[in-house]
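Take a look at the structure set out below.
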Amino acid sequence: MADADLVELAKRRGFFFGSNGAYGGTAGFYTFGPQGAALKRNVEDAWRDRFTLQEGNREIEAPTVMPEAVFEASGHLDTFDDMLVECAECGSSHRADHLVEAVTDIEDAEALPGEEVEELIADNDIACPTCGAELAGLDVEDFNLMFATDIGPGDGQPGYLRPETAQGIFVEFPRLKEYARGNLPFGITQIGPAYRNEISPRGGLLRLREFTQAELEQFIDPEADEPPLDRVRDVDVRLYPATEQQAEDGDYLDTTIGEAVEEGVIGSPWVGYYLGVAQEWYERIGVDTNRFRFRQHLAGERAHYAADCWDAESEVDGDWIEIAGFAYRGDYDLSKHDAYGDDSFTVFKRYDEPKTVERATVDPDMSVLGPEFGGDAAAVAEALETLAGRDPDAFEGDTVTVEVDGSGGDDAREVAVDAEVANFSVETVTENGEHITPHVVEPSFGVGRTVQTLLAHAYETDEVDGEERTYLSLAPEVAPRDAAVFPLVTNDDRLVALADRVAADLRAAGLAVAHDDSGSIGRRYRRQDEVGTPFCVTVDRDGIEGDGPETVTVRERDSAAQIRVPVDDLAEELAGLRAGGSFDDLLDRYETVETDVETE
RNA sequence: GCACCGUUGGUCCAGUGGUAGGACAUUAGCUUCCCAAGCUAAUAGCCCGGGUUCAAUUCCCGGACGGUGCACCA
């Protein structure tokens, strides 16, 4: 498949094209045309069915603009911020932090302020890797991959377009856990746009500035929850583990999900489970499994939040592209929002049996501490409390000594407090459970890249009756149209009228149907072939003459084989085919139409 | 961001210092009982800005967009 051919077809037939052409175009933005939008929506519906409905998860829809504080917490403000230095000699741009890391012991230069990196470049005489010119004295510029905006009028409140849909789920966790009635595990999904101000958008739909993600955040109790691995234990997968990627003669590991998890190739059973679910889903929507693999991230390429990560990759035009990521994010996101935000990002985990524990507490008599220590009284009380938890024996004497930082910048000092004033006691309390921070498993899908993959994998050419033909072998579930309806010829009003009626009936039955009576029948078949319409319904005279019920012919796209089906059965049969039914079954049940057409 | 190359009807291309031509597609009509058939007609284009010139789609400069490589990034 030549990529240029697919791009040409995509433009000509209305799958996708660069946006804003009338104004010169805008790099990184694509508009889905009528066919592409339908295909994309069907992919989203199939994803929703599998990852939301079949898993018993819940879908939400969060805003695309979020305030700066969210991204301070999530880490995107720092880690999506690249430090670039542009060589004055040759004009090439380089990651300033990477240059510094290469020649110093500093491991995380990204965290340093820009001025400091500039100094380090000068102090270490760092030269341009491209041309060798000195880089000292040049500005280090921040380039943040997030789109910035203002919320509200004037200077407003700084905000950003979300770089991933996930944060919209994480920030609402305190409420979402209520909807799950506090029970782990539960999963929240979201399908929607995300934005990254890419330095250099490339490759059609592959790297866009606005793109659609379908994400599932699976919240689990890492101690207790296990995935229903049996459901996908026997699913065959092609894995490309990190060890194989780094080996000289590294090879794929063809195995099953069950084995891969048992042998520890896939570290997390949860990640393994979703790899299995994804494998089945990709097959269902028409990804060519011979051009598909799961690749483990190398240690160095993992995102800032990911503990272990696998990508789903498809081969498109000779390149492997990432179409989904499966990350074990641990408690990174919820902990950060718990620390930065106001609400509690934990769930209460009830013990099987309430626990009775002895807890050392103090109840300091503030009417004594207040007059005695003035402004330091609160600090003294807090120190007593800490000490009680750490060393209850300290309260056995007449006085207790604790260390407090003096107010007004005084040095730390030791103070003695009457044990009686501290009011130390050991209480017996019943604990029914504890607050835990759930861990997150995140399958995150790129919808546009999936669409691109489906088109690339479905693009076929063959010969029909000696004429070359291009067609898209899209799965009926995702094809933009379910069927097309034609009168075989237009010089017979009966055929035209019945075709109109059949099309209307099929639409009323919920099918997406094209109607076309322009040009020869062969031309109309080819039009539908090119947009991947799986079935063409043709009304001919044989179907309306004679005594029996009205019939029409149904042509299957890939084989061009035809059967004759009663009009009354048509909607039901087409719906069955869309739901995954096999055309071969219909070939058995209905009369085959001889067409003399040969495909090869 | 850098370098090189490119940008002409819907699509793919040809061409020119005096504003353009083909193929396919599309539309209408004729024809037509199963795979891009035929006939007739019609619609439709020089990426944007500036410069040189009597005149620029063509030459020059800049920009936008696209492709490739580098860099960067999911």
Side-chain angles (χ1 to χ4, degrees), chain A residues 3-5 7-14 17-29 33 79-80 82-87 89-95 98-99 128-131 141 143 145 163-164 194 196-204 206-209 211 213 297 301-303 306 309 311 313 321-325 327 444 446 448-449 463-471 486-492 495 518-530 536 538-545 552-555 557 560-562 564 593-599:
Chain A
D3 190 51
D5 292 340
V7 169
E8 188 270 328
L9 186 145
K11 258 192 287 192
R12 186 163 46 80
R13 288 299 186 193
F17 50 90
S19 300
N20 308 315
Y23 294 91
T26 315
F29 295 90
T79 60
F80 261 48
D82 287 343
M83 285 186 260
L84 296 181
V85 59
E86 185 178 336
C87 175
E89 288 295 317
C90 70
S92 62
S93 283
H94 301 279
R95 283 281 295 266
H98 288 182
L99 296 176
C128 171
T130 306
C131 70
E141 290 183 33
F143 186 85
L145 272 332
E164 56 174 1
R196 294 177 190 177
N197 202 1
E198 296 288 349
I199 297 171
S200 169
R202 281 284 169 86
L206 295 185
R207 199 193 304 167
L208 296 179
R209 291 187 164 128
F211 55 101
Q213 290 187 310
H297 274 204
E301 66 181 314
R302 286 200 293 264
C309 192
D311 284 345
E313 295 188 329
I321 62 167
E322 178 201 345
I323 56 176
S444 169
R449 289 179 172 193
E463 273 190 14
V464 174
D465 255 17
E467 293 280 348
E468 187 165 321
R469 162 177 88 138
T470 299
Y471 66 104
F486 320 129
L488 181 58
V489 290
T490 51
N491 60 355
D492 185 331
L495 302 186
S518 170
S520 73
I521 189 67
R523 181 184 297 273
R524 284 176 272 165
Y525 284 146
R526 299 305 166 81
R527 282 186 191 127
Q528 297 303 325
D529 288 342
E530 272 198 340
C536 288
T538 303
V539 179
D540 64 355
R541 257 175 227 145
D542 291 347
I544 58 171
E545 290 171 348
V552 292
T553 66
V554 177
R555 167 191 180 268
R557 175 194 59 213
Q562 290 189 44
R564 185 167 291 283
V593 179
E594 297 300 327
T595 56
D596 303 330
V597 173
E598 288 190 13
T599 56

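In the text below, chain A, chain B and the rest are named by the order of the sequence lines, each starting its count at 1. As the structure is a computational prediction, the values presented were derived from the model and not from experiment.
Contact annotation: side chain of A/T490 to base of B/rU32, donor-acceptor pair present below 3.5 Å. Below the 3.5 angstrom threshold, one finds a donor paired with an acceptor across the side chain of A/R202 and the base of B/rG69. Side-chain atoms of A/R523 stay outside donor-acceptor range of the base of B/rU26, with no qualifying N/O pair under 3.5 Å. A donor N or O paired with an acceptor N or O is found under 3.5 Å between the base of B/rA36 and the side-chain atoms of A/E530. With hydrogens and angles ignored, no donor-acceptor pair closer than 3.5 Å exists between the side chain of A/S200 and the base of B/rC72. The base of B/rC34 sits with one of its N or O atoms less than 3.5 Å from a complementary donor or acceptor on the side chain of A/Q562.
With P as the reference atom, B/rC47 and B/rA56 are 15 Å apart, rounded to whole Å. When the C1' atom is compared between B/rC12 and B/rG6, the two are found 15 Å apart, to the nearest whole Å. Spacing between B/rA36 and B/rA20 at atom P, rounded to whole Å, works out to 36 Å.
Place A/E322 and A/Y525 on RNA chain B by their nearest nucleotides, and A/Y525 ends up nearer the 5' end. A residue-by-residue look at A/R564 and A/R209 shows that A/R564 has its nearest nucleotide of RNA chain B further toward the 5' end.
Between A/R527 and B/rU26 there is a side-chain N or O to OP1 or OP2 distance below 4.0 Å.
By the 4.5 Å heavy-atom criterion applied to side chains, A/S520 and A/R526 are not counted as neighbours.
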